[in-house]
J.: 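One structure coming up, written as structure tokens, with questions to follow.
Computed from a prediction, not measured in an experiment: that's the story for all the values here.
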Amino acid sequence: LAGMSLDPEAWLKAYRQARWAVRRIAFRNPLLECQGLLFVRRHHPHTMHQCARRLGSFTLPGGGICVLKGIRADGGAEIECLTEGRLPNGVFGRPALSFDGKRIVFGYAAEREADKHRLTYGGISQQTAPLFAHHETGPCHEFQVWEMGIDGKTPPPRQLTSGPCENADPLYLPNGRIAFMSHRGGSLVQCGDWALAYTLFTMNPDGSDVRPTTAAKDGEWDPCL
């Protein structure tokens, strides 16, 4: 490459070698020695509207909450799905890990029963969008907050919130409560008469004593502690 070669394959090879070198250096950090990385596997949203794409009604079923195990510098690893066989088919949201590393909390929307109310993406239009937004149709039901043990058993999967509103993006708080996003407040975003605005709520670990934290006229998403 010192000769300023224009061969794209030569540059690609050099780039990959550099990336692998950086990876090997990074993996020498002892702090990376862990039991795995927690992640969610799901379909990429297909809808055009940022309010709609976060609804279970607009999301295709499939995926799960997974752990990437045996991470090594050479790229080898295995995937364990924590929710497989423990929850019916549906779509999963971003998981959050408890402070003791023993439990996870996440959003989950069960697949809708096959009937006349289950429209596909081809059936979505400006006219049908309000039906999706208000959970009357779509591939899945609305998201709800669930909790389970990282081992899938202790505690077993349990539902902490209920509809008809969407409840998602949960995370553990230092005081023992759980924060999550919901449009149970009933407000609408400024740009449409169908898109409900997500705002932040907190609840007890068992799902009781739900309290609003914010009140916004637009959607608030992806909370971070």
J.: Using a 4.5 Å cut-off on heavy atoms from C-beta on, say whether the side chain of Met203 contacts that of Val145.
T.: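 Side-chain contact under 4.5 Å: yes.
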J.: Cluster question for you: counting only ILVMFWY and a side-chain heavy-atom cut-off of under 4.5 Å, with indirect links fine, are Tyr15 and Val22 together?
T.: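 No, Tyr15 and Val22 fall in different hydrophobic clusters.
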J.: Do His183 and Glu220 meet the criterion of a side-chain donor-acceptor pair at a distance under 3.5 Å?
T.: no
J.: Arg28: what forms a salt bridge (Lys or Arg N to Asp or Glu O under 4.0 Å) with it, not counting sequence neighbours?
T.: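 Not a single residue meets the salt bridge (Lys or Arg N to Asp or Glu O under 4.0 Å) criterion with Arg28.
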J.: Would you call Arg184 and Asn167 a side-chain contact if the rule is heavy atoms closer than 4.5 Å?
T.: yes
J.: Which heavy-atom pair separates Pro170 from Ala96 by the least distance, and what is that distance?
T.: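 Shortest heavy-atom separation between Pro170 and Ala96 comes out as O-CB, 3.5 Å.
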J.: Give every residue pair that meets the salt bridge (charged side-chain N to carboxylate O under 4.0 Å, His left out) criterion with at least one member in residues 9-19, sequence neighbours excluded.
T.: none
J.: When rounded to the nearest 0.5 angstrom, what is the spacing between CG in Asp169 and SG in Cys224?
T.: 11.0 Å
J.: Contact between Tyr198 and Leu55 at the side-chain level, heavy atoms closer than 4.5 Å - yes or no?
T.: yes
J.: Nearest 0.5 angstrom please: Arg177 CZ to Leu171 CG, how far?
T.: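 The distance works out to 12.5 Å.
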J.: Identify all side-chain donor-acceptor contacts of residues 79-89 below 3.5 Å with residues at least two apart in sequence or on another chain.
T.:
{"unit_1": "Glu80", "atom_1": "OE1", "unit_2": "Lys69", "atom_2": "NZ", "d": "2.5"}
{"unit_1": "Thr83", "atom_1": "OG1", "unit_2": "Ile65", "atom_2": "N", "d": "3.2"}
{"unit_1": "Arg86", "atom_1": "NE", "unit_2": "Gly152", "atom_2": "O", "d": "3.0"}
{"unit_1": "Arg86", "atom_1": "NH1", "unit_2": "Leu82", "atom_2": "O", "d": "2.8"}
{"unit_1": "Asn89", "atom_1": "ND2", "unit_2": "Glu111", "atom_2": "OE1", "d": "2.9"}

J.: For the pair Gln144 (side chain) and Ser162 (backbone), establish whether a donor and an acceptor sit closer than 3.5 Å, ignoring hydrogens and angles.
T.: yes
J.: Looking at Leu6, I'd like to know if its CG atom is crowded, meaning that more than 12 non-hydrogen atoms belonging to other residues, nucleotides or ligands lie closer than 6.0 Å.
T.: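 Check fails, neighbour count at 12 or below.
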J.: Taking C-beta and beyond as the side chain, do Phe180 and Val210 meet within less than 4.5 Å on heavy atoms?
T.: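 Phe180 reaches Val210 side chain to side chain.
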J.: Is a side-chain donor or acceptor of Thr213 paired with a backbone partner of Phe201 at a separation under 3.5 angstrom?
T.: no
J.: Could you grab the distance from atom CZ of Arg42 to atom SG of Cys66, nearest 0.5 Å is fine?
T.: 13.0 Å
J.: Would Leu160 end up clustered with Leu225 when hydrophobic side chains under 4.5 Å apart are linked, directly or stepwise?
T.: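 Yes; tracing contacts between hydrophobic side chains, which count when under 4.5 Å, links both residues.
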J.: Applying salt bridge (Lys or Arg N to Asp or Glu O under 4.0 Å), can you list everything that pairs with Arg23, at least two apart in sequence or on another chain?
T.: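 With sequence neighbours excluded, Arg23 shows a salt bridge (Lys or Arg N to Asp or Glu O under 4.0 Å) to no residue whatsoever.
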J.: Are Leu37 and Val40 connected, step by step, through hydrophobic side chains (Ile, Leu, Val, Met, Phe, Trp, Tyr) whose heavy atoms are closer than 4.5 Å?
T.: no
J.: What pairs with Ala168 under side chain to side chain contact (heavy atoms under 4.5 Å, CB included), at least two apart in sequence or on another chain?
T.: Phe143
J.: Same cluster or not: Leu38 versus Trp146, using hydrophobic residues (I, L, V, M, F, W, Y) connected whenever any side-chain heavy atoms lie under 4.5 Å apart?
T.: yes
J.: Just grab all the salt bridge (charged side-chain N to carboxylate O under 4.0 Å, His left out) pairs involving residues 92-109, residues at least two apart or on different chains.
T.: Arg103-Glu147
J.: Are the side chains of Ile104 and Met148 in contact, using a 4.5 Å heavy-atom criterion?
T.: yes
J.: Closest heavy-atom contact between Leu196 and Gly186?
T.: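 Heavy atoms only, the tightest pair is CD2-O, 4.1 Å.
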J.: Are Val105 and Leu173 connected, step by step, through hydrophobic side chains (Ile, Leu, Val, Met, Phe, Trp, Tyr) whose heavy atoms are closer than 4.5 Å?
T.: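 Val105 and Leu173: one cluster.
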J.: Just verifying a value: how many Å separate Gln190 CD and Lys217 NZ, rounded to the nearest 0.5 Å?
T.: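 Between Gln190 CD and Lys217 NZ, I get 4.5 Å after rounding to 0.5 Å.
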J.: Rounded to the nearest 0.5 Å, how far apart are CD1 of Ile71 and CD of Glu78?
T.: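 Reported to 0.5 Å precision, the distance equals 10.5 Å.
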J.: In Å, rounded to the nearest 0.5 Å, how long is the span from OG1 of Thr202 to CD1 of Ile178?
T.: 10.0 Å
J.: For Ala216 and Thr199, which heavy atoms make the closest approach, and how far apart are they?
T.: N-CG2, 3.5 Å
J.: Angle between ring planes, Tyr108 versus Phe92, binned at 30° and 60°: parallel, tilted or perpendicular?
T.: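 It falls in the tilted class, 30° to 60°.
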J.: Decide yes or no for Leu200 and Met181: does some side-chain heavy atom of the first lie under 4.5 Å from some side-chain heavy atom of the second?
T.: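 When only atoms from C-beta onward are counted, Met181 and Leu200 do touch, with a gap below 4.5 Å.
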J.: Keeping the roles fixed (side chain from Asn204, backbone from Asp206), state whether a donor-acceptor pair exists under 3.5 Å.
T.: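 Looks like no, no N/O pair under 3.5 Å.
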J.: Show the nearest heavy-atom pair for residues Ser182 and Cys165, with the distance to one decimal.
T.: OG-SG, 3.9 Å
